[in-house]
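Data first, discussion second: the structure below is written as structure tokens.
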Amino acid sequence: MEVLNGPKAAWMNHTNTNPTFVLLAGGKSVRMGEDKGLIPIHQNSNFLSRSFKKLNVFSKSIFVSLREEQTDLYANHIPKTSFILDKDLPIEGPLKGILSSYLYLKENNLSNDFIYFLPIDIPFIKLRTIKRLLDVYHTQTTPIQGIFYKSNSGLEPLCGIYSSALLSEWTKAIFQDKNPEFSLQKRIRNMKPEPIILNLPSNEEHNFRNINSKKDL
């Protein structure tokens, strides 16, 4: 995989498109004990609203990937037009949310050349961390499969850019494979051509952390 050092890759271009973002919020939040997206951070703020505010800097095309049973709660916070519900696919985990999102956007003529995914549980992520992936994408002169970060914890597949062409291939394959691969890390490592992997700057690691329980806040 091609690895670029974070500081060198940062702020290459001004991002002037309207990318499609999808917040992955369909996890079970077992360790948190309640839906992560609605956990309060400060007064009048939660994981969901904080993430939306940051992504609005870059785009107005923001969606949230959910399970059916989450819709009533989330409808109190965002328009239902932003919802993408899991489809009946023979897969589980984040991959199900990613491919369900791709299919929904395609079916509703909302698809772009790529989809930028972020997990709902990294509400403290820096704007520059989000923007860097977009900037690197817009410097590419040939089609790419995806762009992702590598942190001290390893490959970070839930915050990344996935090409629509790649997601189309994956969707077709899951109906043909008897035992489809659920692991996004393994899928990314097996991408051909190889994706772009950026080293996450050490001074952004703390804000990039996943908030899995209330003690992490």
Side-chain angles (χ1 to χ4, degrees), residues 1-3 20-37 47-48 51 63-71 74 83-107 110-123 125 133 137 143-198 200 208-213 216:
M1 291 180 286
E2 181 181 356
V3 179
T20 300
F21 286 93
V22 175
L23 285 167
L24 295 167
K28 299 294 181 65
S29 302
V30 174
R31 280 179 283 177
M32 185 66 75
E34 57 185 293
D35 197 306
K36 284 184 185 179
F47 284 26
L48 177 66
S51 298
F63 298 88
V64 182
S65 170
L66 298 168
R67 305 185 318 277
E68 179 72 38
E69 57 266 33
Q70 295 175 282
T71 56
Y74 276 72
F83 293 178
I84 298 179
L85 302 184
D86 281 350
K87 292 185 176 291
D88 184 17
L89 300 174
I91 47 175
E92 297 297 335
L95 180 61
K96 189 170 190 174
I98 287 174
L99 295 188
S100 294
S101 297
Y102 163 72
L103 287 171
Y104 172 86
L105 294 169
K106 180 182 178 183
E107 291 164 1
L110 297 168
S111 58
N112 208 332
D113 290 339
F114 69 92
I115 305 173
Y116 196 139
F117 290 94
L118 288 97
I120 197 74
D121 60 1
I122 55 170
I125 187 172
L133 297 186
Y137 179 88
I144 60 168
Q145 298 282 52
I147 309 176
F148 307 94
Y149 278 116
K150 181 181 179 182
S151 70
N152 286 331
S153 301
L155 185 63
E156 302 286 352
L158 298 187
C159 175
I161 286 175
Y162 289 78
S163 76
S164 294
L166 172 75
L167 297 178
S168 176
E169 291 177 10
W170 283 5
T171 302
K172 294 173 184 175
I174 63 168
F175 292 104
Q176 299 169 358
D177 296 343
K178 292 183 178 179
N179 297 298
E181 178 59 68
F182 291 178
S183 169
L184 287 168
Q185 286 93 342
K186 289 181 181 178
R187 283 178 171 269
I188 290 171
R189 292 189 179 100
N190 290 328
M191 284 181 183
K192 299 296 180 185
E194 295 179 347
I196 296 172
I197 306 296
L198 309 181
L200 182 68
F208 194 85
R209 72 191 189 281
N210 296 97
I211 308 299
N212 293 312
S213 64
D216 295 330

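Heavy atoms only: backbone and side chains are in, while hydrogens, waters and symmetry mates are out.
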query: Under the 3.5 angstrom rule, does the side chain of Gln185 hit a backbone N or O of Gly154 as a donor-acceptor pair?
result: no

- request: Determine, step by step, whether Arg67 and Asp86 satisfy the salt bridge (charged side-chain N to carboxylate O under 4.0 Å, His left out) criterion, reporting the C-alpha distance in whole Å, the side-chain angles of both residues, the deciding distance to 0.1 Å, and the verdict.
  value: CA-CA 6 Å; Arg67 305 185 318 277; Asp86 281 350; over 6 Å; no

query: So how far is it from Leu89 CG to Leu95 CG, rounded to the nearest 0.5 Å?
result: 8.5 Å

query: To the nearest 0.5 Å, how far apart are CG in Leu167 and CG in Leu105?
result: 10.0 Å

query: Should Thr171 and Ser168 count as side-chain neighbours, where that means a heavy-atom distance under 4.5 Å?
result: no

- prompt: Does a salt bridge link Lys192 with Glu169, judged by any charged N lying under 4.0 Å from a carboxylate O?
  reply: no

- prompt: Under the side-chain contact (heavy atoms from CB on, under 4.5 Å) test, which residues partner Ser51, sequence neighbours left out?
  reply: Leu23, Ile120

- request: Measure the spacing between CG of Asp177 and CD1 of Ile174 and express it to the nearest 0.5 Å.
  value: 9.0 Å

message: Would you say that Thr20 contacts Tyr116 through its side chain, given a criterion of any heavy-atom pair below 4.5 Å between the two side chains?
response: no

statement: d(Leu118 CG, Ser65 OG) to nearest 0.5 Å is 12.5 Å

field: Distance (rounded to the nearest 0.5 Å) between Leu133 CG and Cys159 SG
entry: 5.5 Å

Heavy-atom side-chain proximity of Leu155 to Phe148 below 4.5 angstrom: yes

field: Minimum-distance pair of heavy atoms, taken over all atoms of Thr71 and Glu68
entry: OG1-O, 2.9 Å

- prompt: Should Phe182 and Arg187 count as side-chain neighbours, where that means a heavy-atom distance under 4.5 Å?
  reply: no

message: Is it the case that the ring center of Phe21 lies less than 6.0 angstrom away from the ring center of Phe63?
response: no

Contact check, side chains of Tyr149 and Ile197, non-hydrogen atoms, under 4.5 Å: no

query: Rounded to the nearest 0.5 Å, what separation is found between the OG atom of Ser151 and the CG atom of Leu198?
result: 12.0 Å

- request: Quick one: sort the Tyr162 and Trp170 rings into parallel, tilted or perpendicular, breaks at 30° and 60°.
  value: perpendicular

